[in-house]
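In the text below, chain A, chain B and the rest are named by the order of the sequence lines, each starting its count at 1. These numbers come from the heavy atoms of this one structure, side chains and all, not from hydrogens, waters or symmetry mates.
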Protein chains: 2
Amino acid sequence: MHDDIDPRSPVPLYEQIAARIRVAVAAEEYRAGDALPSVRQLSSTLRVNPSTVVQAYRDLEREGFVEMRHGAGTFVQAMAPAVREQERMRQARDLVRSLLADAARLGIGAADVARALTDEMGVPSHE
Amino acid sequence: MHDDIDPRSPVPLYEQIAARIRVAVAAEEYRAGDALPSVRQLSSTLRVNPSTVVQAYRDLEREGFVEMRHGAGTFVQAMAPAVREQERMRQARDLVRSLLADAARLGIGAADVARALTDEMGVPSHE
DNA sequence: ACTACTGTATCGTAACAACCATACAGTCGC
DNA sequence: GCGACTGTATGGTTGTTACGATACAGTAGT
């Protein structure tokens with residue numbers, strides 16, 4: 001439960017925070033209906049500005065992970081596994097599309113990308 | 001040979017210019033050893049600042065497409081097809097790695113990404 | 001060497017993103 | 001209804017990126 005959060009990382013604080021919550025929810029560390037730490041509470045334990053936590057929570061809300069209720073708190077959303085799966089695939093599709101757009105600008109086709117991906121998956125050198 | 005370049009696009013001008021040159025080189029519109037338009041010349045025909053063209057040319061130089069010779073001009077590099085292929089795969093690998101990093105932050109695994117990619121490739125609905 | 005071209009380096013400006021500070025507004029237990 | 005908690009909205013600071021303006025430096029034909 002130590003920091004996990006690194007202000008000097010190139011990835012924004014609010015993304016680090018959101019990622020942290022996502023895995024906690026995925027690991028059922030939080031159940032549907034549970035309240036997340038309040039904005040101020042989490043911001044003080046992480047030594048971060050409340051607004052930064054808000055930004056993380058808002059991202060999670062857009063993705064359907066949580067619901068923010070004015071004056072009450074932020075609660076994890078119930079979500080059928082099938083729906084969650086579907087949502088994950090939608091995000092994956094968006095990621096892949098922007099990747100292909102970037103690749104095209106470099107003169108790299110989808111086939112090359114696919115090859116590189118299978119190469120990366122086949123060699124689990126990290127982690 | 002008209003503009004192709006759109007200042008209002010979210011993709012930077014220098015990237016649009018670099019992309020334009022890449023396809024021209026790939027299409028053998030320029031051959032190895034040929035001189036590209038000079039920085040000032042291209043910048044004036046594109047109605048763009050010389051520095052912007054320089055940035056594009058520098059990117060192309062980093063990628064090994066061209067060579068900038070101070071006082072002489074910018075020339076397309078000779079490059080064996082095998083080397084070019086290898087270079088393309090290296091770039092594809094880098095793209096895929098950063099994609100997987102992004103995906104991980106969203107709780108999306110490589111398997112989901114692979115599925116999304118094959119879906120996108122299988123259904124050429126756009127363009 | 002001079003001149004007219006080349007690329008190079010440096011600085012400034014505008015737009016944007018991340019983060020913070022602070023005031024505002026709703027909810028709920030007492 | 002009051003008080004202590006919640007999230008919300010607004011504005012400012014800082015750092016980064018894209019783009020431009022302008023001065024510097026190398027090359028080559030004459």
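Rounded to whole Å, atom P of dA18(D) lies 9 Å from atom CG of Asp59(B). The CZ atom of Phe75(B) sits 11 Å away from the C1' atom of dA28(D) (whole-angstrom rounding). Counting to the nearest Å, the P atom of dT8(D) and the CZ atom of Arg58(A) are 7 Å from each other. Rounded to an integer number of Å, the gap from Leu42(B) CG to dT6(C) C1' is 14 Å. Atom CD1 in Ile5(A) sits roughly 11 Å away from atom P in dC19(C) (whole-Å rounding). Rounding to whole angstrom units, CD of residue Glu15(A) and C1' of dA18(C) are separated by 11 Å. dT8(D) atom P lies 12 Å from atom OH of Tyr57(A), rounded to whole Å. Atom CD of Glu67(A) is separated from atom C1' of dT8(D) by 15 Å (rounded to the nearest Å).
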* Step-by-step side-chain contact (heavy atoms from CB on, under 4.5 Å) determination, Asp94(A) to Arg90(A) -> CA-CA 6 Å; Asp94(A) 290 350; Arg90(A) 194 192 58 76; 3.0 Å; yes
* To do: Output, in order, the C-alpha distance, side-chain angles, deciding distance and verdict of side-chain contact (heavy atoms from CB on, under 4.5 Å) for Leu42(A) and Tyr57(A).
  => CA-CA 11 Å; Leu42(A) 185 56; Tyr57(A) 279 10; 3.5 Å; yes
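Neither OP1 nor OP2 of dC19(C) sits under 4.0 Å from any side-chain N or O of Tyr14(A). The phosphate of dT6(D) has neither OP1 nor OP2 within less than 4.0 Å of any side-chain N or O from Thr74(A). Between dC19(C) and Asn49(A), no contact under 4.0 Å exists linking OP1 or OP2 to a side-chain N or O. Within the structure, a side-chain polar atom (N or O) of Thr52(B) is placed less than 4.0 Å from OP1 or OP2 of dG20(D).
Sequence order on DNA chain D of the closest nucleotides to Gln16(B) and Val39(A) puts Val39(A) first from the 5' end. Nearest-nucleotide positions on DNA chain C for Arg69(A) and Val11(A) put Val11(A) closer to the 5' end.
The side chain of Pro12(A) approaches dC19(C) more closely than any other nucleotide in the set dT6(D), dT27(D), dC19(C). Side-chain atoms of Ala72(A) lie closest to dT27(C) of the nucleotides dG7(D), dA9(D), dT27(C). In the set dA9(C), dG7(C), dT6(D), dG7(C) carries the atom at the smallest distance from any side-chain atom of His70(B).
A salt bridge does not link Arg31(A) to Asp34(A): none of the charged nitrogens lies less than 4.0 Å from a carboxylate oxygen.
Below the 3.5 angstrom threshold, one finds a donor paired with an acceptor across the side chain of Arg40(B) and the base of dG7(C).
Note on Ser51(B): a base of the nucleic acid sits closer than 4.0 angstrom, heavy atoms only. Using a 4.0 Å heavy-atom cutoff across all strands shown, Val54(B) reaches at least one base atom of the nucleic acid.
Counting heavy atoms of neighbouring residues, nucleotides and ligands inside a 6.0 Å radius, atom CZ of Arg115(B) does not exceed 12 of them. No more than 12 heavy atoms of other residues, nucleotides or ligands lie within 6.0 Å of CZ in Arg58(A), so this atom counts as exposed by the packing criterion.
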